[in-house]
Amino acid sequence: MAVKIVFLGPLRDAAGTDSLEVPAPLDWEGLLAAVAPDLAEQLESARVHVACAGEVLADKTALEARDGDEVALLPPVSGG
Amino acid sequence: MAVKIVFLGPLRDAAGTDSLEVPAPLDWEGLLAAVAPDLAEQLESARVHVACAGEVLADKTALEARDGDEVALLPPVSGG
Amino acid sequence: MATRSRCSLRSAVARLVLERPADVRLLEKGLSVGEALAAFNAAHERAGAIASFLGKVRPGEDVKALELTHYEPLTLPGMEALAEQALERFALDGVLAWHRVGTMQPGEGIVLVAAAARHRRAAFDAVDFLMDHLKSAAWFWKRERRGNHSDGGWHWIEPRDDDHAALARWTGDET
Amino acid sequence: MATRSRCSLRSAVARLVLERPADVRLLEKGLSVGEALAAFNAAHERAGAIASFLGKVRPGEDVKALELTHYEPLTLPGMEALAEQALERFALDGVLAWHRVGTMQPGEGIVLVAAAARHRRAAFDAVDFLMDHLKSAAWFWKRERRGNHSDGGWHWIEPRDDDHAALARWTGDET
């Protein structure tokens, strides 16, 4: 129980929860497996970004979350 | 003494006075003759505008000031 | 914009009555930017976007004071006509255009312009448009007092060429 | 801009302490534009030009409230980095970037950005730059509550394509 996955904006509604704790380490495949299939599908869209330990990843598939890291799933920000 | 000529901005310094009263009517030639030669020279520059009765003239040489009109000599406005 | 009615609104925040849609003023005394913008904001509560610009007397180069003269029969009508142009040209809820005249010290406000609109771009463009036209076409002449009383004096500020360049930005689509 | 030192100045007008050269805040409660701009103006007394933008919750279309959520580990550092970018990119004396989070009513301010500079163009461009980047890159998600309690509900606001167009304006000279 050492990596916290945080769902933001509309993804929070889709996940039905604010966050989820999963064992460390966590890579991209592990992340996709940890969330519901419809969320995994959204994650694969180029419009959803992933932050790890306070940094937005340039290549989210290179995710390597370690013990204590927070992984945030960032849908596109709102316009208006 | 029925047309008032008003000197503005730097032209006031050049004229040495705020305004001058001359007999009506006043046309462009009359205006050039009413002011000092160095001022007349400045007036002929395209950068100096003339207003008559609260309207800036598109063609200052078409000036036709009547009794009671105020004729304002407008040097270029300051930048900055 | 013929459907726009002129009315005024007392701001609970600033106790300033602003004319709508255009509040245009020539001020002989100090210009309070906080009070003005609080009132403008309150007067245009339904606007999503408010842009503003404040121009101040710049210190430096030995400047002790700035004097701004104008030609009254042209200045206020000119500013009011310009405000109307902005209202017709951009999709605005309202504009504010205040200009100081007389003698000012470094750090004091000379000009405050604000625009309220539904969208940011219109508010921004209106303020930009108003500033470009106010400075170049509103018949203000400035002179600065420099140096000490004994050896200093008043110096007229010359017109700047880039004001004409700024105006040229707007003429392309005015034909 | 390595010579710029960070310091704060108490404004006699507004009794607000602003950080200089950049004052960046996330606010849980109301945003007073008059007070903020009076303090910003006082903090940058030597700047000749101050531009500002206030974005407010737009009424209409049955909107009862707006909720803005953010991701704290990214939002404030992101806004601070953006303010630094603006300070390096434009010839500025200082910037202010305040953003509300939480639940707001129509008419309330969401975002206030201001820039102080020697010249107008730099102040204007900095505010424009900050607004373009804040809205598109600062990791805020908005939802609106519409209609009555019985039949209404919260609706997420979708990303807008023209935010990307706005950002594209700045990338040309960033290489």
Side-chain angles (χ1 to χ4, degrees), chain C residues 11 13-16 30-42 44-60 63 66 93 105-121 123-125 127-128 131-132 134-135 160 162-163 165-166 169, chain D residues 11 13-16 30-42 44-60 63 66 93 105-121 123-125 127-128 131-132 134-135 160 162-163 165-166 169:
Chain C
S11 155
V13 181
R15 290 177 183 81
L16 241 181
L31 182 165
S32 165
V33 60
E35 197 182 359
L37 292 177
F40 188 72
N41 181 25
H44 298 287
E45 202 181 18
R46 299 181 64 85
I50 293 182
S52 77
F53 179 80
L54 172 70
K56 299 197 285 184
V57 183
R58 271 198 296 269
V63 176
L66 179 77
D93 288 14
Q105 308 304 313
E108 277 193 83
I110 307 175
V111 57
L112 176 67
V113 163
R118 193 169 159 81
H119 297 291
R120 172 160 63 106
R121 189 50 40 206
F124 250 110
D125 287 350
V127 170
D128 214 5
M131 284 303 303
D132 276 350
L134 265 179
K135 284 193 140 184
R160 255 199 345 208
D162 57 357
D163 285 335
R169 292 168 51 210
Chain D
S11 157
V13 182
R15 290 180 183 80
L16 242 179
L31 181 164
S32 166
V33 59
E35 198 182 1
L37 292 178
F40 188 71
N41 180 26
H44 298 287
E45 201 181 19
R46 299 180 65 84
I50 293 183
S52 78
F53 179 79
L54 172 70
K56 299 198 285 184
V57 183
R58 269 199 297 270
V63 175
L66 178 78
D93 287 15
Q105 308 304 314
E108 276 192 84
I110 307 174
V111 57
L112 176 67
V113 163
R118 192 169 160 82
H119 296 291
R120 173 158 64 106
R121 188 52 40 207
F124 249 108
D125 288 351
V127 170
D128 214 6
M131 284 302 303
D132 278 348
L134 266 179
K135 284 192 139 183
R160 255 199 343 207
D162 56 358
D163 285 336
R169 293 167 51 211

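Just so it is clear: chains get the letters A, B, ... in the order the sequence lines come, proteins before strands, and each one is counted from 1. Heavy-atom basis, side chains included; hydrogens, waters and symmetry copies ignored. All values derive from a computational prediction rather than experimental measurement.
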task: Evaluate the side-chain contact (heavy atoms from CB on, under 4.5 Å) criterion for residues C:F40 and D:V33: first the C-alpha distance (whole Å), next the side-chain angles of each, then the deciding distance (0.1 Å), finally the verdict.
output: CA-CA 10 Å; C:F40 188 72; D:V33 59; over 6 Å; no
- prompt: Less than 4.5 Å apart, any side-chain heavy atom of C:L37 and any of D:E35?
  reply: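 The answer is no; the side chains never approach within 4.5 Å.
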- prompt: D:R58 versus C:H119: any side-chain heavy-atom pair under 4.5 Å?
  reply: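 A side-chain contact under 4.5 Å exists here.
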message: With a 4.5 angstrom heavy-atom cut-off, is it the side chain or the backbone of D:V111 that approaches chain C, or both, or neither?
response: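 For D:V111, no heavy atom lies under 4.5 Å from chain C.
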query: Hey, is the main chain of D:G55 close enough, under 3.5 Å, to the side chain of C:R120 for a donor-acceptor pair?
result: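 Side chain of C:R120 to backbone of D:G55: no pair is present.
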field: Under 3.5 Å: donor-acceptor pair, side chain of D:K56, backbone of C:I50
entry: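 The answer is no, because no donor-acceptor pair under 3.5 Å joins these two groups.
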query: Can you name the closest pair of heavy atoms from D:A38 and C:G34 and give their distance?
result: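 Shortest heavy-atom separation between D:A38 and C:G34 comes out as CB-CA, 4.1 Å.
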query: For the residue pair D:V127 and C:F124, what are the closest heavy atoms and their distance?
result: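 Here D:V127 and C:F124 meet closest at CG1-CZ, 3.3 Å.
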Which residues share a salt bridge (charged side-chain N to carboxylate O under 4.0 Å, His left out) with C:E45, sequence neighbours left out: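 Per chain and number, C:E45 pairs via salt bridge (charged side-chain N to carboxylate O under 4.0 Å, His left out) with no residue.
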